[in-house]
Amino acid sequence: ELDPLSPRAKLMTSWTFYVTGRFHEAIAKASEANNMQDNFAQGLLHLGNAQTHTGEIKEAIINLHHASEAWVSSAMP
């Protein structure tokens with residue numbers, strides 16, 4: 001069971017919206033996840049990916065760059 005107060009739960013909801021083409025909702029949930037955890041590499045990645053589909057290219061580039069920096073400094077493979 002996913003904890004509704006977990007950034008990872010928000011991220012999984014964001015991913016579900018993303019794969020079903022509901023990009024604005026994916027952005028909203030990814031943003032919630034990122035607000036819950038600083039430098040959340042996966043959350044930033046999901047946010048940036050979804051933003052590319054809504055035409056928010058400048059924001060997407062910033063978030064994807066931030067995701068790559070956060071990933072390097074994290075323990076995630």
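Values below: all heavy atoms of this structure, side chains included; hydrogens, waters and symmetry mates excluded. Just so we're clear, the structure is a prediction, and the values are computed from it rather than from any experiment.
Using a 3.5 Å distance cut-off with no hydrogens or angles, the side chains of Gln37 and Arg8 do not pair a donor with an acceptor. Between His66 and Asn39, the side chains place a donor N or O and an acceptor N or O closer than 3.5 Å (distance only, hydrogens not considered).
Distance CD/Gln51 to CG/Leu44: 9.5 Å, rounded to 0.5 Å. Distance CG/Leu47 to OG1/Thr52: 10.0 Å, rounded to 0.5 Å. Annotation: the span from Thr16 atom OG1 to Leu11 atom CG amounts to 9.5 Å, rounded to 0.5 Å. Atom CG of Leu45 is separated from atom CG of Leu64 by 6.5 Å, given to the nearest 0.5 angstrom. Taken to the nearest 0.5 Å, the CD1 atom of Ile61 stands 9.0 Å off from the NZ atom of Lys58.
Ring to ring, Tyr18 and His53 are close: their centroids are under 6.0 angstrom apart.
The heavy-atom pair separating Ala41 from Trp71 by the smallest distance is CB-CE3, 3.3 Å.
With hydrogens and angles disregarded, a donor-acceptor distance shorter than 3.5 Å links the side chain of Asn34 to the backbone of Gly43. At distances below 3.5 Å, not a single donor-acceptor pair connects side-chain atoms of Ser14 with backbone N or O atoms of Lys29.
A heavy-atom distance below 4.5 Å is found between the side chains of Glu56 and Ile27.
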message: For Phe23 and Asn49: C-alpha separation, side-chain torsions, deciding distance, then whether side chain to side chain contact (heavy atoms under 4.5 Å, CB included) applies.
response: CA-CA 9 Å; Phe23 302 115; Asn49 285 339; over 6 Å; no
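Classification of the His46-Trp15 ring pair by plane angle, with boundaries at 30° and 60°, yields perpendicular.
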